[in-house]
Amino acid sequence: MSKLVMVRHGQSEWNAKNLFNGWVDTKLSPVGVEQARSAGQLLAESGIEFDQAYTSVLTRAIQTLHLVLEEDGQLWIPEEKSWRLNERNYGALQGLNKADAAEKWGDDQVHQWRRSYDVLPPLLESYDETTTVDGETYASFDRRYAGVPENELPLGENLKVTLERVLPYWNDTISKDLKAGKNVIIAAHGNSLRALAKHIEKISDEDIMGLEIANGQPIVYDLDDDLNVVSKDILAK
């Protein structure tokens with residue numbers, strides 16, 4: 001039996017400003033740093049010994065993984081980053097205030113964009129599009145994606161498309177570690193982890209709308225040899 005731990009990154013700078021974040025690369029806020037450290041302390045208390053760590057190529061998730069493992073005394077374990085674990089790409093919504101978006105398009109529409117399984121947000125017009133917030137300009141895509149074929153880079157995603165992006169990495173890499181009996185930790189994002197949870201827990205398209213994953217609260221799965229969930233525990237203070 002192996003253990004899989006999933007941790008959503010701590011609060012980001014744009015989470016704190018109530019902005020759609022997506023693939024825009026922001027850092028953890030001071031609150032987010034404390035949430036990540038708290039998650040590491042909870043895992044240290046659990047006594048789980050990890051063999052492998054995975055994260056996205058976005059700073060807030062990488063920071064979270066390092067803070068968690070530092071607090072847990074396991075910063076030395078092997079680590080791998082993949083764009084496939086990135087947050088859902090929110091397309092043209094990225095950088096917008098969520099309250100302003102709700103005022104413009106209505107609460108129901110914005111809720112559909114945020115939580116539904118197969119409703120796409122408004123899409124970016126091009127890969128070169130930029131987002132400006134508080135006078136700062138953020139590129140939609142940068143050199144961290146230089147090795148990714150352009151036709152695989154999303155201009156906007158729903159959870160269904162996010163799952164289709166994440167699954168090849170799960171099947172080809174992460175699941176192999178778990179089937180080999182390794183304990184794995186993934187520090188990623190609300191929607192990439194919702195996608196994985198949908199797959200692992202076999203959650204229906206309808207029920208996934210109700211699944212929330214809190215910042216900095218580790219989810220611990222015990223998995224059998226076929227990666228079926230034997231038990232699930234959410235660690236919180």
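Values below: all heavy atoms of this structure, side chains included; hydrogens, waters and symmetry mates excluded.
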Between D25 and R144, is the closest basic N to carboxylate O distance under 4.0 Å?
-> yes
State plainly whether one hydrophobic cluster holds both I48 and Y54, where clusters connect Ile, Leu, Val, Met, Phe, Trp and Tyr through side-chain heavy atoms under 4.5 angstrom apart.
-> no
Does the distance from a Lys or Arg side-chain N to an Asp or Glu carboxylate O, for K27 and E13, drop under 4.0 Å?
-> no
Starting from the C-alpha separation in whole Å, work towards a yes-or-no answer on salt bridge (charged side-chain N to carboxylate O under 4.0 Å, His left out) for D51 and K182.
-> CA-CA 6 Å; D51 302 294; K182 294 182 179 181; over 6 Å; no
Heavy atoms, side chains only, cut-off 4.5 Å: are P168 and R84 in contact?
-> yes
Is a donor on one side and an acceptor on the other found under 3.5 Å between the side chain of S56 and the backbone of W83?
-> no
Heavy-atom closest pair, residues A16 and S29 = CB-CB, 4.5 Å
Calculate, to the nearest 0.5 Å, the distance between atoms NZ and CG belonging to K3 and L223 respectively.
-> 9.5 Å
No-hydrogen, no-angle side-chain donor-acceptor test under 3.5 Å, Y221 and N228 = no
Over all atoms of both residues, closest heavy-atom pair of A61 and H189 = CB-NE2, 3.5 Å
Run the numbers on L96 and L19 for side-chain contact (heavy atoms from CB on, under 4.5 Å), then give the verdict.
-> CA-CA 5 Å; L96 297 182; L19 305 180; over 6 Å; no
Path from L167 to L196 over hydrophobic side-chain contacts below 4.5 Å = yes
Taking the side chain from T55 and the backbone from A188, do they hold a donor-acceptor pair closer than 3.5 Å?
-> no
Could you walk me through whether K98 and R114 pass the side-chain contact (heavy atoms from CB on, under 4.5 Å) test, one step at a time?
-> CA-CA 10 Å; K98 294 172 185 175; R114 294 185 65 192; 3.5 Å; yes
Can E201 and R194 be counted as an ion pair, charged N to O under 4.0 angstrom?
-> no
Which distance, rounded to the nearest 0.5 Å, do you find between the CD1 of I213 and the CG of L193?
-> 5.0 Å
Could you tell me which non-hydrogen atom of Q11 sits nearest to which non-hydrogen atom of N215, and how far apart they are?
-> N-ND2, 3.7 Å
Apply side-chain contact (heavy atoms from CB on, under 4.5 Å) to N183 and Q52, showing your working.
-> CA-CA 7 Å; N183 292 335; Q52 178 68 46; over 6 Å; no
Inspect the contact between E212 and R115 and indicate whether a charged nitrogen and a carboxylate oxygen are less than 4.0 angstrom apart.
-> yes
Joint cluster assignment, I208 & I186, ILVMFWY side-chain distance < 4.5 Å | yes
So, Y117 and D207: side-chain donor and acceptor under 3.5 Å apart, yes or no?
-> no
Answer with yes or no whether the hydrophobic clustering places V68 together with V5; edges join I, L, V, M, F, W, Y residues whose side-chain heavy atoms lie under 4.5 Å apart.
-> yes
State, with a plain yes or no, whether a side-chain heavy atom of V220 is found less than 4.5 Å away from one of K232.
-> no
Going through the distances and angles, do N86 and R165 end up as a side-chain contact (heavy atoms from CB on, under 4.5 Å)?
-> CA-CA 9 Å; N86 275 16; R165 164 173 45 93; 3.8 Å; yes
Should we say atom CG of D172 is surrounded by more than 12 heavy atoms from elsewhere, each under 6.0 Å from it?
-> yes
Quick one: which of W23, W14, F20 gives a ring pair (Phe, Tyr, Trp, His ring centres under 6.0 Å) with Y138?
-> W14
Under 3.5 Å: donor-acceptor pair, side chain of S175, backbone of W170 | yes
ILVMFWY network linking I234 to I185, side-chain heavy atoms under 4.5 angstrom = no
Roughly how far, to the nearest 0.5 Å, is OG of S192 from NE2 of H9?
-> 8.0 Å
Would one find more than 12 heavy atoms of other residues, nucleotides or ligands at under 6.0 Å from atom CD of E103?
-> no
Taking side chain as C-beta onward, heavy atoms only, is T59 less than 4.5 Å from T26?
-> no
When you measure from the side chain of W113 to the backbone N and O of L120, does any donor-acceptor pair fall under 3.5 Å?
-> yes
Output yes when a side-chain donor or acceptor of S38 lies under 3.5 Å from a complementary backbone atom of E34, and no otherwise.
-> no
When you check the gap from the basic side-chain N to the acidic O, do K179 and D226 get nearer than 4.0 Å?
-> no
Is the closest side-chain heavy-atom distance between Y145 and D142 below 4.5 Å?
-> yes
Spacing of CD belonging to Q41 relative to CG belonging to L67, to within rounding of 0.5 Å | 10.5 Å
Say whether, by atom type as modelled, one donor and one acceptor occur between the side chain of R88 and the main chain of L159 under 3.5 angstrom.
-> no
Rounding to 0.5 Å, atoms CG (D224) and OG (S2) come to a distance of 8.5 Å
Do E79 and H66 have side-chain N/O donor and acceptor atoms under 3.5 Å apart?
-> yes
May I ask you to test the F50-D72 pair for a side-chain heavy-atom distance under 4.5 Å?
-> yes
Would you say N158 and V119 make side-chain contact, with heavy atoms under 4.5 Å?
-> no
Should the heavy atoms of other residues, nucleotides or ligands under 6.0 Å from CG of D225 be counted, would the total exceed 12?
-> no
Got a second to check how far S140's OG is from E125's CD, nearest 0.5 Å?
-> 10.5 Å
Sub-4.5 Å side-chain heavy-atom contact between L4 and I200 | yes
Minimum heavy-atom distance between A99 and N18, given as atom pair plus value | N-ND2, 3.6 Å
Do N89 and L124 touch side chain to side chain, with heavy atoms closer than 4.5 Å?
-> yes
What closest approach, in Å, do A53 and L69 show between heavy atoms, and which atom pair accounts for it?
-> CB-CD1, 4.2 Å
Any donor-acceptor N or O pair under 3.5 Å, side chains N21, S12 | yes
Do you know which two heavy atoms are closest between A39 and V7, and how far apart they sit?
-> CB-CG1, 4.2 Å
Can you establish whether the number of heavy atoms outside E49 located under 6.0 Å from its atom CD is more than 12?
-> no
